[in-house]
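The structure appears right after this line, and notes come after that.
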Amino acid sequence: MAKFSLYSEESNRSPLSRLWRNFKANHLALVGLWMFIGLTLLAMTAPLLAPYGIDQQHSDALLIPPSWHDDGDVHFILGTDDLGRDVLSRLMNGATYTFGLSIVAALVTTVLGVILGTLAGINRGFKSSILNHLLDITLAIPSLLLAIIIIAILGPGLLNTVWAIILALLPQHIHSIRNLVVDELNKDYIGAYRLDGASRTHILFRGVFPNIYEHVVVIFTLALSTAILDIAALGFLKLGAQPPTTEWGAMLAENLGLIYLAPWTVGLPGALLFLSVLATNLVGDGLRKALQARKAT
């Protein structure tokens, strides 16, 4: 009787509640989620919370090390750069560019990928064949190299960087969503929908999308980690954000000559990039494992 009641309680859970239960059982994924939430809040509130302006110079405080250092100053918790600018303020504002714009790029790419991937999945014949060949060609090019090619056409700059990342990630999204839609359309319950006379729109919104949205979330997290690295890489190569923009990759390139004299000006942006990608990958891996565990139950 107890086993039956437990089974009934489990079967009455919504898919999202079962997914959350499986996800929070993964402690690393939960840590990654809190890190992700913290970075998102930082990207949203950084201009309000930063103690100094990003270009505010303190001529009497050049290359001050972090406050825990013997020569540090409590007024500059993470030290200053060679122009006397507060590193903490610049890093906080950099979250808006590197992490915030990566979320925007990944979201736009995911929405476009769902729309175009669905259209590719429901079409057959010549159109589908042409699209598949185009996708195969673009997928053979790494996303960063494709973004560099697009930047070479559009020109350097932060806005062009976002568009380049979107266009570079879009083929992979279309390919992944198309495969999910095609697999779902080939299942038996879709055939039952068709026998009942359901329209294509009804099949997509009542049958296909409710069964693939979790996978779309996982695809989004993987795209986000790629977008973070690509935006930072383009900034480091001086093809993306231009100085004095506080994008983390651009900060790395700007302070690279100070790596031995003031290593905190290089190490701290690099550490934040590492933590951002780590948090995103932990969340994505946790979602993937939670999905697998939900299907197994």
Side-chain angles (χ1 to χ4, degrees), residues 15-16 19 23 102-150 153 162-231 280-281 283-296:
L16 278 177
L19 182 67
F23 180 85
S102 296
I103 293 178
V104 172
L107 278 173
V108 173
T109 307
T110 302
V111 172
L112 292 177
V114 168
I115 295 172
L116 298 177
T118 302
L119 292 175
I122 62 178
N123 284 319
R124 296 290 186 270
F126 181 74
K127 292 181 180 179
S128 179
S129 178
I130 291 297
L131 181 59
N132 286 336
H133 288 304
L134 290 175
L135 287 175
D136 290 340
I137 293 172
T138 52
L139 287 174
I141 306 175
S143 63
L144 180 58
L145 179 57
L146 189 57
I148 291 175
I149 295 172
I150 297 170
I153 298 172
V162 176
W163 282 113
I165 297 299
I166 291 172
L167 295 175
L169 294 178
L170 191 56
Q172 180 62 50
H173 274 62
I174 295 174
H175 180 74
S176 300
I177 300 298
R178 177 194 172 277
N179 289 341
L180 289 172
V181 171
V182 169
D183 290 342
E184 208 65 31
L185 288 175
N186 289 329
K187 292 184 178 179
D188 293 338
Y189 78 93
I190 297 295
Y193 271 125
R194 291 194 177 107
L195 290 175
D196 286 340
S199 65
R200 179 179 291 183
T201 303
H202 183 88
I203 290 173
L204 287 176
F205 285 95
R206 293 297 183 91
V208 175
F209 291 153
N211 288 297
I212 69 169
Y213 73 91
E214 299 103 331
H215 300 280
V216 173
V217 174
V218 175
I219 291 172
F220 165 77
T221 58
L222 296 176
L224 177 56
S225 63
T226 304
I228 293 171
L229 290 175
D230 286 355
I231 286 179
T280 306
N281 286 338
V283 172
D285 188 61
L287 284 172
R288 181 180 58 80
K289 290 181 178 178
L291 283 170
Q292 292 175 348
R294 200 192 74 174
K295 288 181 177 179

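Atoms considered below: every heavy atom in the structure, side chains included; atoms not considered: hydrogens, waters and symmetry mates. What you are looking at is a predicted structure, and each value in this text was computed from that prediction instead of being measured.
- Contact between L224 and I103 at its shortest, heavy atoms only, is CD1-N, 3.5 Å.
- The distance from atom CD1 of I149 to atom CG of L167, rounded to the nearest 0.5 Å, is 12.0 Å.
- Atom-to-atom distance recorded for T221:OG1 and R288:CZ is 10.0 Å, nearest 0.5 angstrom.
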* **E184/I212 under side chain to side chain contact (heavy atoms under 4.5 Å, CB included): CA gap, chis, key distance, verdict** => CA-CA 8 Å; E184 208 65 31; I212 69 169; 4.1 Å; yes
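- At least one side-chain heavy atom of H173 sits less than 4.5 Å from a side-chain heavy atom of I219.
- In this structure, T110 and A106 approach most closely via the heavy-atom pair OG1-O, 2.7 Å.
- L204 is listed as a side-chain neighbour of F209, based on a closest heavy-atom distance under 4.5 Å.
- Under the rule for a side chain to side chain contact (heavy atoms under 4.5 Å, CB included), the partners of T226 that lie at least two apart in sequence or sit in another chain are S143, L169, D230.
- For V162, the side chain to side chain contact (heavy atoms under 4.5 Å, CB included) partners two or more places apart in sequence, or in a different chain, are L101, A105, I166.
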* Carefully, step by step, assess V182 and N186 under the rule side chain to side chain contact (heavy atoms under 4.5 Å, CB included). => CA-CA 6 Å; V182 169; N186 289 329; 3.7 Å; yes
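- Looking only at side-chain heavy atoms (C-beta outward), V208 and T118 stay at 4.5 Å or farther from each other.
- Residue pairs that meet the salt bridge (Lys or Arg N to Asp or Glu O under 4.0 Å) test with at least one member in residues 194-211, sequence neighbours left out, do not exist here.
- Ion pairing of D285 with K289 is present here, as a side-chain N (NZ or NE/NH1/NH2) and a carboxylate O approach within less than 4.0 Å.
- Between L107 and F220, the closest heavy-atom pair is N-CE1, 3.6 Å.
- In this structure, the separation between CG on L145 and CD1 on I150 is 10.0 Å, given to the nearest 0.5 Å.
- Here the straight-line distance linking atom OG of S102 with atom CG of L229 works out to 8.5 Å at 0.5 Å rounding.
- When all heavy atoms of A168 and A147 are compared, the closest pair comes out as CB-N, 3.9 Å.
- Screening N179, L180, I177 for a side-chain contact (heavy atoms from CB on, under 4.5 Å) with H215, the sole residue that qualifies is L180.
- The neighbour count for Y189 OH, taken as heavy atoms of other residues, nucleotides or ligands under 6.0 Å away, is above 12.
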* For side chain to side chain contact (heavy atoms under 4.5 Å, CB included), just list the numbers for L119 and I174, CA-CA rounded to whole Å, side-chain angles, deciding distance to a tenth of an Å, and then say yes or no. => CA-CA 9 Å; L119 292 175; I174 295 174; over 6 Å; no
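- How far CD1 of I190 is from CD1 of I203: 6.0 Å, rounded to the nearest 0.5 Å.
- Looking at every heavy atom in both residues, I228 comes nearest to T280 through CD1-OG1, 3.9 Å.
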